[in-house]
Amino acid sequence: MRPQFNRDQIADLDLFEKHLQSLFKILDRQVDSQGWTQSGDIQHFVELFTIDTATEFLFGESVNSLEGKTEPNSLATKKEMKIFVDAFVAAEKVTAE
């Protein structure tokens, strides 16, 4: 895992920007007819953002959980990615206790 934490990779802000734009698209869908963002809990979306950035940072490929789809050249199927995301969220909750 050590090569994953070199300065060049940590400073790759484009990696975060791509996933941040996906998060913004989801939040834009929460706008009402008057242009105001509806109030609500965004914790789930922030968790998915964390999963997407962490998996791309550590494994070189994101699970794209915010997109809800896989990339055409992805190594994993949509079903496999959903299983991974569900397991990751469950592990995150257990470790937070």
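As the structure is a computational prediction, the values presented were derived from the model and not from experiment. Note: hydrogens, waters and symmetry copies are ignored here, and every other heavy atom, side chains too, is used.
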Query - Exam field: side chain Asn64 to backbone Asp52, donor-acceptor pair closer than 3.5 Å - result: no

Query raised in the report: So do Glu61 and Thr55 actually touch side chain to side chain, heavy atoms under 4.5 Å?
Result: no

Requested in this report: Flag the pair Val63 / Phe88 as yes when at least one side-chain heavy-atom distance between them is below 4.5 Å, and no otherwise.
Outcome: no

Report task. Indicate if Phe24 and Phe45 have the same hydrophobic cluster label, given that clusters are the connected sets of ILVMFWY residues with side-chain heavy-atom separations under 4.5 angstrom. Result -> yes

Requested in this report: Output the distance between atom CD (Gln43) and atom CG (Leu48), rounded to the nearest 0.5 Å.
Outcome: 10.5 Å

Query - Gap between atom NE2 of His19 and atom CG of Asp14 - 0.5 Å precision - result: 11.0 Å

**Report entry** Spatial distance of atom CG (Leu15) from atom OG1 (Thr53) [nearest 0.5 Å]
**Finding:** 7.0 Å

Query raised in the report: Should Ile83 and Phe59 be regarded as members of a common hydrophobic cluster, given that ILVMFWY residues are connected when their side-chain heavy atoms come within less than 4.5 Å of each other, either directly or indirectly?
Result: no

Report summary line: Here the gap from Lys18 atom NZ to Ser62 atom OG, rounded to the nearest 0.5 Å, amounts to 6.5 Å

